[in-house]
Amino acid sequence: MGAVFALIDCNNFYVSCERIFDPRLLGRPVVVLSNNDGCVVARSREAKALGIRMGVPLFQIKGLVETHGVVVYSSNYALYGDISARVMGALREFTDDVEVYSIDEAFLDLERCRPVRPYREFGLDIREKLLKWTGVPVTVGIARTKTLAKVANHLAKTSEKAAGVLDLTDSPFLEVALERTPVEEVWGIGPAYAALLRARGVDNALRLRDMDVRAARRAMTVVGARLVMELRGVSCLPLETAPPPKKSITTSRSFPGAVSKYEELKESVSVFMTRCAEKLRRSGLAAGVVTVFIQTSQFSAGPHYSNSATLELIYASDSTQELLRHALEALQRIYRRGYEYRKAGVMLSGMVPAAETTGRLFDDETLERFRRVMPVVDMLNKKYGRDTVRFAAANPRGRWRTKAARRSPLYTTRLSDVPLLK
DNA sequence: TCTGGGGTCCTAGGACCC
DNA sequence: TCTGGGGTCCTAGGACCC
């Protein structure tokens, strides 16, 4: 018998994280904003009920926020990342076969959980224990393929009767479930494919399942063909318990206001490169390609400019110092005076395992010093806090710094922010 | 009138995910 | 005034090579 997939999805994850530490938020409309306090990226059930849509800019719902006392938070990724790790850790109490799919979702193979109880019972157990252990409410969808588990999860969220768990394995309800799932809700169908499918009368998951596979392939590449098979119960997407190595690492930010000066862009790009290099070393990788991009606002009326420069390194590196030099060279190439920049970013690619970096022809003493300094910097910053030791160019307090006016305390990751019991 | 053919690599763009 | 960030995969088409 094949796998039985359970998709565990945290409900309104960012909002749920905030609620753990401030129970007064229970029952109230709460939203969490994207970087720079720009758009809504998470909504409590009450906020959804007010008609606040995903991705809407904050300034467009100001009226609603005031009238209904919506509680607004800046995003607090340190907190969400930490809670996510706890949730995933809790899931591993049930089985080692956990695929961490995103910050708030995981797939499990229930066939490999012992003892095998009725799947629904198992799902209810997971739900109850996760709530008790982590404070995060979750929804569980169970089916014979990942795509069907997604469908089950989606339905479980909206059905009272499901009580947070829906098992569609060998279910007489399967066809009804598919029929009730609008085509755009299917995993892998975005706006473009949805429009294309609807134009052909394929408006729900059942019709998509019964679509000719070759037609699906023509319209949506092999991804679409695979998707149709998955809806038919033929598993094409296996559980991936070990994450594949990263192919690229990006750090980019929008600025809260216009940035025109080269010096300020240089500061921001230096900080972005520092963050990228930190992530790189944490993954045990070195990068052979550095890309820097800068752009003006896509919404402003003024003159637009957007450009990027990519540099290929002779030797892949994981040293902030070295990568920084290349990033600033790239920035110089694309910087033009007289524009109001609103966003910049750095991307690393061409990854190789750090341990396998090519030996250099002139492996001199200076280079060896470079190589030794980064682990020390990482260690100090881990112990005493980010940017305790940094390169002079990377000033994290510049005017370009991301706005986060309503961020909750770093409850779980900064000692001085840990809640006190009184 | 006819103007080689086939393989590989790279890139840009488009689609999707959370 | 104010509009996020970080990823992946697939394909077509051009460059290049023999």
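Just so we're clear, the structure is a prediction, and the values are computed from it rather than from any experiment. First the proteins, then the strands, lettered A, B, ... as listed; each starts at 1.
- Applying a 4.0 Å cut-off to non-hydrogen atoms, the residues of residues 206-239 of chain A that approach DNA chain C are A:R217, A:T221, A:V222, A:V223, A:R226, listed by residue number.
- Contact check of residues 35-64 of chain A against DNA chain B (heavy atom, cut-off under 4.0 Å) returns no residues at all.
- Comparing the start and finish of the helix from B:dG5-C:dC18 to B:dC18-C:dG5, five pairs each, the helix axis swings through 10°, to the nearest 10 degrees.
- Residues satisfying the salt bridge (Lys or Arg N to Asp or Glu O under 4.0 Å) criterion with A:R198, sequence neighbours excluded, are A:E184.
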In 5'-to-3' order, the base (B), backbone-only (S) or no-contact (-) status of each nucleotide in nucleotides 9-18 of chain B, using a 4.0 angstrom heavy-atom cut-off, is ------SSSS
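- Along DNA chain C, the nucleotide nearest A:R342 and the nucleotide nearest A:I249 are compared for position; the residue whose nucleotide lies closer to the 5' end is A:R342.
- Ring planes of A:Y80 and A:Y14: parallel class, angle under 30° (limits at 30 and 60°).
- The phosphate of C:dG4 (OP1 or OP2) has no side-chain N or O of A:K403 nearer than 4.0 angstrom.
- Within the nucleic acid shown, A:S297 has no heavy atom closer than 4.0 Å to any nucleic acid atom.
- Residue-environment remark: NZ (A:K48) exceeds the threshold of 12 foreign heavy atoms within 6.0 Å.
- For residues 71-82 of chain A, every residue pair satisfying the salt bridge (Lys or Arg N to Asp or Glu O under 4.0 Å) rule, not counting sequence neighbours, is listed here: A:D82-A:R86.
- C:dC18 sits 25 Å from B:dT3 when the P atoms are compared, rounded to a whole Å.
- For A:D125, the CG atom counts as densely surrounded, since its 6.0 Å shell holds more than 12 non-hydrogen atoms of other residues, nucleotides or ligands.
- Regarding A:K146, its NZ atom lies at a distance of 13 Å from the C1' atom of C:dT8, rounded to whole Å.
- The distance from atom NE2 of A:H304 to atom P of C:dT3 is 13 Å, rounded to the nearest whole Å.
- For the OP1/OP2 pair of C:dT8 and a distance below 4.0 Å, the side-chain nitrogens and oxygens of A:S248 include at least one atom meeting the criterion.
- Qualifying side chain to side chain contact (heavy atoms under 4.5 Å, CB included) partners for A:K157, counting only residues two or more places apart in sequence or in other chains: A:D9, A:N11, A:T139, A:N153.
- For C:dT3, neither phosphate oxygen OP1 nor OP2 lies less than 4.0 angstrom from any side-chain nitrogen or oxygen of A:S254.
- Remark: A:T250 is in phosphate contact with C:dG7, judged by side-chain N or O atoms under 4.0 Å from OP1 or OP2.
- In this structure, OH of A:Y14 is placed 11 Å from P of C:dG6, rounded to the nearest angstrom.
- As a whole-Å value, the separation of A:F293 CZ from C:dG7 C1' is 12 Å.
- Between A:F272 and A:F255, the ring-plane angle classifies as parallel under the 30° and 60° cut-offs.
- Residue A:Y80 contributes atom OH, which lies 13 Å from atom C1' of C:dG4 at whole-angstrom precision.
- Remark: C1' of C:dG5 and CD of A:Q295 are 12 Å apart, rounded to the nearest angstrom.
- Applying the ring pair (Phe, Tyr, Trp, His ring centres under 6.0 Å) test to pairs two or more places apart or on separate chains, those with a residue in residues 181-203 of chain A are A:Y101-A:W187, A:F107-A:W187.
- By the side chain to side chain contact (heavy atoms under 4.5 Å, CB included) test, A:R325 pairs with A:E322, sequence neighbours left out.
- Going from atom OH of A:Y77 over to atom C1' of C:dG5 covers 7 Å, rounded to whole Å.
- Applying the side chain to side chain donor-acceptor pair (under 3.5 Å) definition to pairs two or more places apart or across chains, those involving residues 212-225 of chain A are A:D212-A:R214.
- Residue pairs satisfying the side chain to side chain donor-acceptor pair (under 3.5 Å) criterion with at least one member in residues 297-314 of chain A, sequence neighbours excluded, are listed as follows: A:T291-A:T310, A:Y305-A:N307.
- Counted within 6.0 Å of NZ on A:K279, heavy atoms from surrounding residues, nucleotides or ligands total more than 12; the atom is thus considered enclosed.
- Not a single side chain to side chain donor-acceptor pair (under 3.5 Å) links A:T274 to another residue, sequence neighbours left out.
- When the shell of 6.0 Å around CG of A:L26 is examined, it contains more than 12 heavy atoms from other residues, nucleotides or ligands.
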